[in-house]
Structures are given as C-alpha cells and as structure tokens.
S.K.: 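Encoded as structure tokens, here's the structure I'll be asking about.
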Amino acid sequence: MRTTEVLVVGGGSVGLATAVFLSHHGVRTLLVERDEGPRSHPRATGIGVRTVEMLRETGLAGAVDAVALDWSAGALGKARARTLADLAETAPPAPAVPRQAPYSPAALRGPCPQNRLDPVLLAAARENGATVSYGTGLVSFTQDEEGVTAVLSTGERVRARYLVAADGVRSEVRAALGIGLTGPGALTEPGQNILFRADLRELVRGRHFVACEITDPAAPGMLITIDGEKEWVFLTGLDREPAPALIRAATGVPDLDVEILSTLVWRVRAQVAERFAQGRVFLAGDAAHAVPPLGAFGLNTGVADGHNLAWKLALVLRGEAGPALLGTYDAERRPVASLTMEQALVRMSDPALHWGHGPAAAEARAAAGALNAPVVHLGQRYVSAAVIDPRPELPSAEDVVACLDGSPGSRMPHAWVSEGVSTLDLVRSRFTVFIRRPGGDRDEAGGAAWPAEAARLGLNAHAVDLAEIPPGGALLVRPDGYVAWRAEGGPERLGGVLDRLLARGRDG
C-alpha cells in the first residue's frame with residue numbers, strides 16, 4: 001500500500017495549485033487525476049491579483065507572467081458588437097491599463113488561461129516533490145481517526161493522513177460524504193463552450209478584450225480570448241451546430257479558416273457546500289463552491305482554498321499545531337465563498353456593475369450592494385480561532401486599500417521595503433512579527449523587545465514603515481499573509497497568543 005501525507009483528488013488548476021502549496025510547505029503529496037494529462041480546454045482565463053501574490057510566494061509569478069498574454073499596451077475588458085468584424089471597424093484602440101496596483105506587489109501583463117497556467121503548476125508541483133498521477137481516478141475511500149484509505153482506478157490502495165477533494169462541481173467525494181449544497185444552483189440552460197483555432201489577429205489588433213458579446217442573430221454568444229491571436233472560445237446555446245459556419249458568422253468573416261478543437265457542455269451555477277470539511281477530508285475549488293463567471297472569482301477563490309489549507313495541514317502534520325487548527329479552514333473559506341457567490345450573482349443582473357469605472361459606476365455598485373472587484377479578490381476578512389479579535393466589517397465596499405488596514409483577519413498591508421521586495425515577501429510562508437521601523441518620531445519604546453521574543457519563539461521579525469502597526473506594538477502575520485493579531489503593547493503575550501492560534505493543547 002502506498003502512503004502519503006495528503007492525497008489530492010482532481011488535477012485541474014485548483015488541485016495542481018493545492019499540490020504546489022502543500023509541497024512548498026514540505027508536505028508529501030500525491031495528486032490523482034482521471035484525465036490522461038493537463039486539460040487543453042480552458043474554462044477560465046482571469047488570474048486575480050491575490051492569486052498572483054500566492055504564485056509570487058512560491059516563486060512562480062515570473063513563470064506565469066511569461067506565459068500570460070501580453071496586454072501591457074491596453075485592453076477593452078468586455079466589448080459588444082454585432083460581429084467581431086464590426087468591433088474592429090467601430091471600437092477605438094484599447095486604453096492602457098496600469099500594470100501594478102498600489103495595494104499589491106504582484107501583477108500579470110494580461111490574462112493567463114488555464115491551458116497556460118496548468119503546465120506551470122504541474123512542473124512546480126513535481127519539482128517540489130509532489131507526485132502527480134494522470135489517468136488515475138479515485139474509486140472509493142474510507143476514513144478513520146488516523147487517516148484515509150483510498151482505492152484508485154489502477155487497483156492501487158493509498159493510505160493518506162488527509163484527503164483534499166478538488167474533483168469539480170459534480171464532486172464524487174462530496175457526494176460520498178453526503179454533504180449538501182446551498183444557493184440557487186443552476187442559473188441557465190446548458191450551453192456549449194467551443195474551443196476553436198482561427199487567425200483573428202487583424203480583427204483584434206490594438207483592441208484586445210477579455211470577452212466580446214456577439215449580437216448577430218445568426219450566431220449569438222460570447223467570444224472569449226484564449227491566446228488573443230489564434231485560439232478562442234465561443235459560448236453559445238446548444239441549439240447551434242458547433243461548426244466553422246457558426247464561427248464565421250460570429251466573426252463576420254465568411255471565408256475564415258476555422259478548426260474546431262473541442263466542445264464542452266456547460267451551464268452557469270451558483271452553489272456552496274454546506275461544509276468544506278468532514279473528518280480528514282476537505283473540499284476545495286468547484287467541489288466546495290461554484291461561482292458564476294462574471295468577475296473571474298471562481299478559479300481564484302478555489303486557488304485561495306488550497307493556499308489557506310496547505311499551511312495548516314503542514315503545521316498539524318509536523319506536530320507544530322493541534323488538529324483543531326484545521327477546523328478554521330471551513331470557518332474561514334466558506335463565508336468567503338458565500339460572499340463571492342453573492343457578488344457574482346449581483347453582477348449577473350447588471351454586468352456594468354463589474355465592468356464600469358468612475359464615480360457613476362461606484363454609485364451604481366453602492367446602490368446594488370456590489371463590492372468593487374478588487375475588494376472581492378483581496379478585501380475579505382477571516383473570522384476564526386486562527387485570528388485574535390477579528391474585525392469582519394469591511395471599511396469600504398469600493399476602496400481595497402481601506403480594507404487592507406492591518407485589522408486582524410485581513411491580508412497584510414503591502415509596502416515596498418527595498419527594490420522589488422514587499423512586506424508580503426518578508427512573510428516567507430511562516431508566522432512573522434512586524435514592528436515599526438525605528439527612527440524619528442516612530443522610534444517607540446518597547447519596540448526592541450519584539451525581535452528578541454520573536455527569535456526566542458522561532459519566529460522571523462522585521463521592522464518596516466507601516467502606519468497600520470500600533471506604536472510600540474506589532475502585527476503577527478500568518479504564513480498565508482493574513483494578520484493573526486494586532487498587538488497594542490509589548491511582546492509578553494506573544495507565546496500564549498501563538499499557542500492559542502495554533503490550537504496547541506486542544507484536540508481537533
């Protein structure tokens with residue numbers, strides 16, 4: 001019988017990212033996937049800034065940026081035209097978009113579809129020591145107090161300490177556990193996702209778009225950019241034949257050379273699992289939540305699931321944290337998934353709430369109860385036993401900088417500390433103490449005691465220029481970059497706080 005610490009079921013982007021994060025933390029990981037290799041048909045293209053921060057943490061941001069589309073000259077976002085040829089004749093050149101936001105050290109030069117992202121994740125997972133087995137499915141599993149026993153489609157039996165199910169919206173693991181779903185469920189009739197190859201460079205030159213709504217009655221649907229040149233996806237109803245003639249009608253080019261590569265049946269869903277964990281089994285990605293596509297929240301929320309869970313599993317497996325720490329996965333990620341689903345649903349009723357810019361768009365979002373997209377991606381707050389005195393209320397629905405204010409449960413504020421190095425980079429995937437940099441009126445009494453106490457407890461400590469750090473106090477930041485504790489005074493409580501956060505002395 002093969003043994004491993006964590007068995008990941010499902011080799012899509014979320015499963016691969018989870019394997020990357022687990023192996024990054026030194027966890028022995030086996031990933032199994034029924035398909036024979038990485039999926040060539042991308043379902044998502046938008047990689048959010050928080051996901052890029054996670055990739056940066058694991059040393060992959062540069063590799064992903066290298067395979068992302070180069071939209072540094074500008075992009076339209078969402079467009080609308082009778083055909084693509086009409087867009088080329090009427091739309092102005094795409095405006096330039098700032099590459100880097102002030103609230104994050106991370107950025108991509110453009111979209112990165114899953115068929116470009118997944119090979120990077122696969123290589124990193126294997127390089128870090130994870131085993132990835134394609135053409136291998138999960139047949140059954142049982143769990144007990146010590147671990148999970150799984151039977152694979154190859155006939156092999158695997159004994160793992162924990163199992164992470166990233167096996168999609170129709171998760172067999174979730175069904176086997178009897179975990180139900182909340183939310184409206186299916187929102188649309190089934191449609192088809194047609195991946196095709198056609199050279200459209202002349203039509204889109206200078207007018208790159210994430211999606212273009214095609215309104216021609218002969219070919220209504222949504223054209224999605226994959227490589228911006230020769231690979232595209234067309235979303236349309238099942239009543240249309242997935243043939244070159246349909247693509248020619250949508251593009252407005254009667255003699256276009258078209259190759260249909262593959263077709264998937266697909267429908268928009270909005271659902272969240274009633275719980276994200278049961279015993280030693282955890283749900284992640286679409287197995288835990290299905291989010292409508294507008295906003296590019298779904299894939300990014302799933303990747304964040306794996307990132308949240310990986311460090312907790314690593315510390316528990318090493319005996320540095322109590323099993324009760326794992327209960328904070330559901331407590332933290334399920335509310336985020338529910339909020340994200342709600343935000344995507346609001347946008348479905350009026351897509352301008354997502355694509356709009358400027359004061360008028362902000363007013364419309366406020367009236368509709370829609371958070372600005374960066375707030376959805378970055379501004380969420382955790383409330384769990386792994387946060388001391390959490391502050392769940394968002395200071396702003398529009399300004400993500402205001403939400404990243406150093407409150408317990410929020411993502412650590414970003415500030416550049418040297419050329420190319422952010423405060424987030426200093427965390428380095430472990431608990432870290434941040435105090436104010438000494439000097440001038442910021443030289444607070446008691447600040448020098450923090451590094452000594454941190455070192456005694458085996459923690460890193462850094463002095464930085466952050467107004468969010470209390471005078472004479474500190475921020476204790478978790479391995480995932482979230483603020484665990486904002487201390488107003490000296491470090492006398494640091495050891496006890498760390499024990500509390502890591503559930504030491506408490507059973508799972």
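The model shown is predicted, which means the values in this text are computed figures rather than measured ones. For the numbers below, each heavy atom of this structure counts, side chains included, while hydrogens, waters and symmetry mates do not.
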S.K.: On a heavy-atom basis, which atom in Val120 and which in Ala63 lie closest, and how many Å separate them?
M.R.: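 Of all heavy-atom pairs spanning Val120 and Ala63, the closest is CG1-CB, 3.9 Å.
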S.K.: Report yes if the side chains of Thr4 and Arg2 come closer than 4.5 Å at any heavy-atom pair, otherwise no.
M.R.: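 When only atoms from C-beta onward are counted, Arg2 and Thr4 do not touch, as no gap falls below 4.5 Å.
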S.K.: Run the salt bridge (charged side-chain N to carboxylate O under 4.0 Å, His left out) check on Glu231 and Arg116 step by step: do they pass?
M.R.: CA-CA 12 Å; Glu231 277 196 345; Arg116 294 181 170 220; over 6 Å; no
S.K.: Considering non-hydrogen atoms only, spot the tightest contact between Pro184 and Leu345 and give its length.
M.R.: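 Shortest heavy-atom contact: CG-CD1, 4.2 Å.
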S.K.: Looking only at heavy atoms, which two atoms of Val132 and Ala125 are closest? And how far apart?
M.R.: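 Answer, listing the atom of Val132 first, then Ala125: CG2-CB, 4.5 Å.
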S.K.: Is a side-chain donor or acceptor of Arg478 paired with a backbone partner of Gly409 at a separation under 3.5 angstrom?
M.R.: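 Checking the backbone N and O of Gly409 against the side chain of Arg478, no donor-acceptor pair under 3.5 Å is found.
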S.K.: Is Glu53 paired with Arg50 through a side-chain N to carboxylate O contact shorter than 4.0 Å?
M.R.: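 Salt bridge between Arg50 and Glu53, a charged N being under 4.0 Å from a carboxylate O: yes.
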S.K.: Quick check against the 3.5 Å criterion: does Asn372 have a side-chain atom that pairs as donor or acceptor with the backbone of Glu398?
M.R.: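 Flag set: sc Asn372 to bb Glu398 pair under 3.5 Å.
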S.K.: Any salt bridge linking Lys230 with Asp257? Criterion: basic side-chain nitrogen under 4.0 Å from a carboxylate oxygen.
M.R.: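 So Lys230 does not pair with Asp257 through a salt bridge.
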S.K.: Output yes when a side-chain donor or acceptor of Tyr382 lies under 3.5 Å from a complementary backbone atom of Val336, and no otherwise.
M.R.: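 No; zero donor-acceptor contacts below 3.5 Å.
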S.K.: Quick test of your reading of the model: are Glu89 and Arg82 salt-bridged, counting only N-O distances below 4.0 Å?
M.R.: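 Result for this pair is no, no salt bridge flagged.
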S.K.: Set out, in order, the CA-CA distance, both residues' side-chain angles and the distance that settles salt bridge (charged side-chain N to carboxylate O under 4.0 Å, His left out) for Asp350 and Arg365, then state yes or no.
M.R.: CA-CA 10 Å; Asp350 182 4; Arg365 281 191 288 269; over 6 Å; no
S.K.: So does Asp330 pair up with Arg275, basic N to acidic O under 4.0 Å?
M.R.: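 A salt bridge is absent here (no side-chain N lies under 4.0 Å from a carboxylate O).
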S.K.: So, for Asp167 and Ser171, which heavy atoms are closest and what is the spacing to 0.1 Å?
M.R.: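 Result for this residue pair: OD1-OG, 2.6 Å.
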S.K.: Which label fits Tyr162 and Phe282: parallel for a plane angle under 30°, tilted from 30 to 60°, or perpendicular past 60°?
M.R.: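 Taking Phe282 first and then Tyr162, their aromatic rings sit tilted (interplane angle of 30° to 60°).
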S.K.: Do Leu325 and Thr328 have side-chain heavy atoms sitting under 4.5 Å apart?
M.R.: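 A side-chain contact exists here, since the closest heavy-atom pair is under 4.5 Å.
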S.K.: Do Ile247 and Ile260 come within less than 4.5 Å of each other through their side chains, counting heavy atoms only?
M.R.: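 Heavy-atom side-chain distance check passes, below 4.5 Å.
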S.K.: Verify, without hydrogens or angle tests, whether Asn128 (side chain) and Ser23 (backbone) share a donor-acceptor contact under 3.5 angstrom.
M.R.: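 Judged by distance alone, no pair lies under 3.5 Å.
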S.K.: Do Ser410 and Arg391 have side chains that get closer than 4.5 Å, going by heavy atoms?
M.R.: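 They are not in contact (no side-chain heavy atoms under 4.5 Å apart), so the answer is no.
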S.K.: Have Asn300 and Thr51 got a donor and an acceptor in their side chains that come within less than 3.5 Å?
M.R.: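 Yes, because at least one side-chain N or O of Asn300 sits under 3.5 Å from a partner of the opposite role on Thr51.
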S.K.: Measuring only between side-chain heavy atoms, which start at C-beta, is Pro119 closer than 4.5 Å to Leu122?
M.R.: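 The answer is no, as the side chains (C-beta and beyond) never meet within the 4.5 Å cut-off.
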S.K.: Give a yes or no on whether the backbone of Leu404 and the side-chain of Arg411 come within a donor-acceptor separation of less than 3.5 Å.
M.R.: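 The answer is no, because no donor-acceptor pair under 3.5 Å joins these two groups.
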S.K.: Taking Arg381 first and then Asp405, would you say they form a salt bridge - that is, a charged N and a carboxylate O separated by under 4.0 Å?
M.R.: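 Counted as a salt bridge, because a side-chain N and a carboxylate O are separated by less than 4.0 Å.
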S.K.: Check whether any side-chain heavy atom of Leu394 lies under 4.5 Å from a side-chain heavy atom of Leu371, and answer yes or no.
M.R.: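 In contact.
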S.K.: Would you say Arg280's side chain and Glu145's backbone share a donor-acceptor pair under 3.5 angstrom?
M.R.: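 Looks like yes, one N/O pair under 3.5 Å.
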S.K.: Between the side chain of Glu5 and the main-chain N/O of Arg28, is any donor-acceptor distance below 3.5 Å?
M.R.: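 Yes, because the side chain of Glu5 sits within donor-acceptor range (under 3.5 Å) of the backbone of Arg28.
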S.K.: Of all heavy-atom pairs between Val483 and Ser407, which one has the smallest distance, and what is that distance?
M.R.: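 Reported closest heavy-atom pair: CB-O, 3.6 Å.
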S.K.: Could you check whether any side-chain N or O of Gln143 sits under 3.5 Å from a backbone N or O of Gln278, counting only pairs where one atom can act as donor and the other as acceptor?
M.R.: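 A pair under 3.5 Å: yes.
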S.K.: What closest approach, in Å, do Tyr329 and Leu283 show between heavy atoms, and which atom pair accounts for it?
M.R.: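 What the structure gives for the nearest pair is OH-O, 2.6 Å.
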S.K.: Between Asp480 and Lys312 (side chain of the first, backbone of the second, donor and acceptor by atom type, cut-off under 3.5 Å), is there such a pair?
M.R.: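 Side chain of Asp480 to backbone of Lys312, a donor-acceptor pair under 3.5 Å: no, none is there.
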S.K.: Under a 3.5 Å threshold, yes or no: a donor from one side chain and an acceptor from the other, between Thr58 and His24?
M.R.: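 No pair is found: no donor N or O on one side chain lies under 3.5 Å from an acceptor on the other.
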S.K.: Quick one about Thr263 and Gln192 (side-chain donor to acceptor, distance below 3.5 Å, no hydrogens or angles considered), yes or no?
M.R.: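 There is no such pair between these side chains.
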S.K.: With side chains defined as the heavy atoms from C-beta onward, is the minimum distance between Trp232 and Val204 less than 4.5 Å?
M.R.: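 SC-SC contact between Trp232 and Val204 confirmed.
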S.K.: Please check this pair: side chain of Ser13 against backbone of Asp118, looking for a donor-acceptor N/O pair closer than 3.5 Å.
M.R.: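 Checking the backbone N and O of Asp118 against the side chain of Ser13, no donor-acceptor pair under 3.5 Å is found.
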